[in-house]
Amino acid sequence: MNILVSGGAGYIGSHTCVALMGAGHSVIIADNLSNSKADTIGKIMGIADKEVTFYEIDVTDTEAVDIIFKNHKIDGVIHFAGLKAVGESVEKPQDYYYNNLVSTLVLAKACQKYGVNRFVFSSSATVYGDNKVPFVESMDLLPTTNPYGETKAMSERILTDIAKANPYFSVSILRYFNPVGAHESGLIGESPNGIPNNLMPYVTQVAKGKLEKLKVFGNDYPTVDGTGVRDYIHVVDLAESHVAALDNLKAGVHIYNLGTGKGTSVLELVKAFEEANDIEIPYEIVERRPGDIASCYADASKAKRELGWTAKRDMIAMCRDAWRFENGQGE
Ligand code: NAD
Ligand code: UFG
């Protein structure tokens with residue numbers, strides 16, 4: 001199939017393009033490079049040994065999106081494009097609501113105009129708010145603490161209503177837990193601008209000596225060792241789930257948690273990183289980070305049952321691959 005991948009130059013999108021081409025699909029990337037680099041496109045093609053069509057456009061731009069649908073027979077859309085920094089979304093709510101909601105509306109509208117009925121959407125475990133773990137797809141969603149989370153919950157509702165109005169529209173809403181790691185080639189991975197917000201990139205930069213030590217945000221949570229627990233998933237496992245989601249699309253809206261189902265604390269991740277890479281990670285315990293919850297992990301059984309997908313790569317592989325990628329980056 002010809003798959004339009006919005007945000008395909010980004011972290012999860014680039015790995016997914018590789019997985020899609022490995023499964024025989026053709027990929028058309030639409031990305032404005034606001035949080036990615038043009039050379040990622042060449043790296044994707046290098047790993048997959050296949051050509052990619054790239055449009056440097058903003059997917060909130062109706063006319064630019066229309067040109068893509070005119071130029072190609074699109075069979076399905078995977079919509080990754082979005083702004084994703086939780087803290088920034090509190091400071092710039094309008095940018096987040098505009099970019100994340102309008103992009104979803106524009107792509108869904110183009111699908112309607114061109115009769116494309118396959119749509120896969122990147123949502124987030126953040127929509128569960130502070131529900132009781134493990135999170136199950138059938139749970140009522142609790143308010144999130146930031147505009148970013150709201151854009152995900154709202155996009156889910158928009159797509160659900162569109163699917164109600166069009167019985168042929170098939171939507172897969174994928175709620176990602178905490179993607180980490182990188183492609184085993186070391187060519188593509190996550191390279192955040194500035195000081196990383198997320199744990200794994202922070203740890204790899206401490207390992208590299210770019211940052212002095214890790215600040216562990218709180219050790220008084222009701223968890224195994226008091227530090228925050230998350231469901232880390234290898235980005236290549238996550239990428240592969242999109243192929244399964246496309247293969248198993250059916251009419252209506254279907255929601256899937258994409259995680260391993262296993263919670264790991266901050267200190268457990270640090271220990272795994274040290275073991276996997278034989279490097280010490282200095283850390284100090286500091287105050288809790290505002291907005292953080294104690295525990296977040298998936299009940300991942302629905303994706304296994306309905307998509308035939310489960311995460312295969314363990315924490316050691318996640319730490320090893322994250323480190324290999326960091327090491328391959330220039331200073
Ligand atoms: P990323 O920032 O690496 O990738 C997003 C890509 O979208 C970037 O290449 C960026 O340039 C592009 N983009 C943003 N706005 C655009 C626009 N208007 N038009 C065209 N391109 C645009 O982020 P990621 O980690 O790969 O995340 C992909 C998706 O998954 C996002 O929707 C994100 O919210 C969601 N998600 C990510 C995580 C995570 O921890 N990484 C967790 C849950 C959900
Ligand atoms: N943490 C630290 N020190 C750091 C960074 C993080 O101790 O320097 C801790 C956090 O307190 C948390 C855990 O490490 O307990 C994971 O934090 P991340 O920032 O890596 O990830 P979050 O779970 O907070 O957020 C991520 C994405 C969000 C998404 C959410 C749920 O960044 O976009 O997962 O899927 F909404």
Side-chain angles (χ1 to χ4, degrees), residues 5-16 29-38 40 55-61 64-65 78-87 89 95-96 98-100 102-104 106-107 121-129 135 144-146 148-149 151-152 155 174-180 188-193 195-203 205-206 211 213-219 221 223 227-233 235 238-239 257-259 264-267 269-270 283-298:
V5 184
S6 82
Y11 175 45
I12 307 171
S14 58
H15 291 83
T16 301
I29 294 178
D31 198 305
N32 64 2
L33 304 180
S34 60
N35 196 37
S36 49
K37 298 196 184 85
T40 303
Y55 288 85
E56 187 178 340
I57 62 145
D58 194 307
V59 292
T60 62
D61 179 342
V65 168
I78 306 183
H79 178 29
F80 291 103
L83 300 174
K84 62 162 184 175
V86 173
S89 79
D95 291 359
Y96 274 69
Y98 187 85
N99 195 63
N100 292 4
V102 176
S103 60
T104 303
V106 167
L107 287 168
F121 176 67
S122 299
S123 190
S124 165
T126 196
V127 298
Y128 288 107
F135 297 154
T144 60
T145 52
N146 57 78
Y148 166 73
T151 68
K152 291 299 174 188
S155 287
L174 306 180
R175 292 181 179 156
Y176 309 152
F177 282 67
N178 288 54
V180 294
I188 52 173
E190 188 175 21
S191 40
N193 296 325
I195 296 180
N197 292 309
N198 297 119
L199 180 61
M200 185 66 94
Y202 204 104
V203 167
Q205 293 200 15
V206 171
L211 296 167
K213 59 180 152 180
L214 172 68
K215 294 187 184 74
V216 176
F217 297 140
N219 67 347
Y221 285 107
T223 61
T227 65
V229 163
R230 297 291 183 271
D231 186 339
Y232 297 95
I233 172 169
V235 67
L238 189 58
N257 283 343
L258 298 179
T264 302
S265 75
V266 176
L267 293 182
L269 184 145
V270 168
Y283 68 85
E284 63 176 331
I285 309 290
V286 300
E287 289 294 292
R288 289 182 178 194
R289 181 171 64 177
D292 272 356
I293 56 173
S295 293
C296 170
Y297 55 90

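In each ligand, atom 1 is the first atom listed, and ligand 1 is the first ligand listed. What you are looking at is a predicted structure, and each value in this text was computed from that prediction instead of being measured.
- Residue Tyr176 approaches ligand 2 through these ligand atoms, each under 4.0 Å from one of its heavy atoms: 35 (O).
- Under 4.0 angstrom from ligand 2, the non-hydrogen atoms of Leu199 come from both its backbone and its side chain.
- Residue contacts with ligand 1 for Asn100 are absent, since no atom lies close enough (heavy atoms, distance under 4.0 Å).
- Using a 4.0 Å cutoff on heavy atoms, Thr126 does not count as a contact of ligand 1.
- Here's the thing with Arg230: one of its N/O atoms is less than 3.5 angstrom from an N/O atom of ligand 2.
- Of the heavy atoms in Ser123, only backbone atoms (N, CA, C, O) come closer than 4.0 Å to ligand 1.
- For atom 12 (C) of ligand 1, the closest non-hydrogen atom of the protein is Asp31 OD1, 3.3 Å.
- Near Asn178, meaning under 4.0 Å from any of its heavy atoms, are these atoms of ligand 2: 21 (O), 22 (P), 23 (O), 26 (C), 34 (O).
- Between Thr16 and Val5, every side-chain heavy-atom pair lies at or beyond the 4.5 Å cut-off.
- The closest side-chain heavy-atom distance from Ile12 to Ser122 is not below 4.5 Å.
- For ligand 2 and Ala125, the ligand atoms under 4.0 Å from any heavy atom of the residue are 35 (O).
- Atom 17 (C) of ligand 1 has its closest protein heavy atom at Asn32 ND2, 3.4 Å.
- Among all protein heavy atoms, the one lying closest to atom 19 (N) of ligand 1 is Val59 N, 2.9 Å.
- Those atoms of ligand 2 that come under 4.0 Å of a heavy atom in Arg289, given as number and element, are 10 (C), 17 (O), 18 (P), 19 (O), 24 (O).
- Under 4.0 angstrom from ligand 2, the non-hydrogen atoms of Asn198 come from both its backbone and its side chain.
- In Ser103, neither the side chain nor the backbone holds a heavy atom less than 4.0 Å from any atom of ligand 1.
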Should Asn99 and Thr60 be marked as a side-chain contact (heavy atoms from CB on, under 4.5 Å) after you check the CA-CA gap, both sets of side-chain angles, and the distance that decides it? CA-CA 7 Å; Asn99 195 63; Thr60 62; 4.0 Å; yes

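- Within the 4.0 Å heavy-atom criterion, the part of Lys215 lying near ligand 2 is the backbone and not the side chain.
- Close contacts of ligand 2 with Ser124, meaning ligand atoms under 4.0 Å from a residue heavy atom, involve 29 (C), 31 (C), 35 (O), 36 (F).
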When you look at Ser191 and Lys37, which way does the side-chain contact (heavy atoms from CB on, under 4.5 Å) test go after all the steps? CA-CA 10 Å; Ser191 40; Lys37 298 196 184 85; 4.2 Å; yes

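- On a distance-only criterion, Pro179 and ligand 1 share no N/O pair closer than 3.5 Å.
- Protein heavy atom in closest approach to atom 25 (O) of ligand 1: Lys84 NZ, 2.8 Å.
- With Asn197, Leu269, Val266, Ile233 as candidates, the residue nearest to atom 5 (C) of ligand 2 on a non-hydrogen basis is Asn197.
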Show the numbers, then the answer: is there a side-chain contact (heavy atoms from CB on, under 4.5 Å) between Tyr232 and Leu199? CA-CA 10 Å; Tyr232 297 95; Leu199 180 61; 3.3 Å; yes

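- Applying the side chain to side chain contact (heavy atoms under 4.5 Å, CB included) test between Tyr176 and each of Leu258, Ile233, Asp231 identifies Leu258 as the sole match.
- Ligand 2 places these atoms under 4.0 Å from at least one heavy atom of Gly228: 15 (O).
- Proximity to Ile57 (heavy-atom distance under 4.0 Å) selects the following atoms of ligand 1: 19 (N), 20 (C).
- Aromatic ring orientation, Phe177 versus Phe135: tilted (interplanar angle from 30° to 60°).
- The local environment of CZ in Phe217 is crowded, with over 12 non-hydrogen atoms from other residues, nucleotides or ligands closer than 6.0 Å.
- Considering both main-chain and side-chain atoms, Ser34 comes within under 3.5 Å of ligand 1 through a nitrogen or oxygen pair.
- Taking every non-hydrogen atom of Ser124 and a distance limit under 4.0 Å, the qualifying atoms of ligand 1 come out as 43 (C), 44 (C).
- If you number the atoms of ligand 2 from 1 as listed, the ones under 4.0 Å from a heavy atom of Val216 come out as 7 (O).
- Looking only at heavy atoms of the protein, atom 30 (O) of ligand 1 is closest to Tyr176 CE1, 3.3 Å.
- Of all protein heavy atoms, the one lying nearest to atom 2 (O) of ligand 1 is Asn35 ND2, 2.7 Å.
- Proximity annotation for atom 36 (N) of ligand 1: of Tyr148, Phe177, Phe80, Tyr11, Tyr148 comes nearest, heavy atoms only.
- The closest approach between Tyr283 and ligand 2 stays at or above 4.0 Å for every heavy atom of the residue.
- In this structure, Tyr148 is part of the shell of residues with a heavy atom less than 4.0 angstrom from ligand 2.
- Contacts of Lys152 with ligand 1, taken as heavy-atom pairs under 4.0 Å, involve the side chain alone.
- Counting only heavy atoms of the protein, atom 28 (C) of ligand 2 lies nearest to Val86 CG2, 4.1 Å.
- Scanning the protein heavy atoms around atom 4 (O) of ligand 1, the nearest turns out to be Gly10 CA, 3.4 Å.
- The protein heavy-atom contact nearest to atom 5 (C) of ligand 1 is Gly82 O, 4.0 Å.
- In terms of N/O distances under 3.5 Å, ligand 1 is not approached by Ala81.
- Remark: ligand 2 and Phe217 share an N or O pair separated by less than 3.5 Å (distance only, no angle test).
- Looking only at side-chain heavy atoms (C-beta outward), Thr40 and Ile188 come within less than 4.5 Å of each other.
- Proximity of Tyr232 to ligand 2, defined as any heavy-atom pair under 4.0 Å, is confined to the side chain (atoms from C-beta onward).
- Annotation for ligand 1: atoms under 4.0 Å from non-hydrogen atoms of Leu33 are 11 (O).
- Near Ser36, meaning under 4.0 Å from any of its heavy atoms, are these atoms of ligand 1: 8 (C), 9 (O), 11 (O).
- Contacts with ligand 2 closer than 4.0 Å are made by heavy atoms of both the backbone and the side chain of Thr126.
- Closest to atom 10 (C) of ligand 2 by heavy atom, among Asp292, Val203, Leu214, Asn146, is Asp292.
- By the 6.0 Å contact criterion, CD on Glu287 is open, its count of non-hydrogen atoms from other residues, nucleotides or ligands being 12 or less.
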Does the side-chain contact (heavy atoms from CB on, under 4.5 Å) test come out yes or no for Tyr283 and Leu267, once each step is laid out? CA-CA 9 Å; Tyr283 68 85; Leu267 293 182; 3.6 Å; yes

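- Geometrically, ligand 1 and Ala30 share no nitrogen or oxygen pair separated by less than 3.5 Å.
- At a heavy-atom cutoff of 4.0 Å, ligand 2 is contacted by no atom of Val229, backbone or side chain.
- Of the heavy atoms in Asp58, both backbone and side-chain atoms come closer than 4.0 Å to ligand 1.
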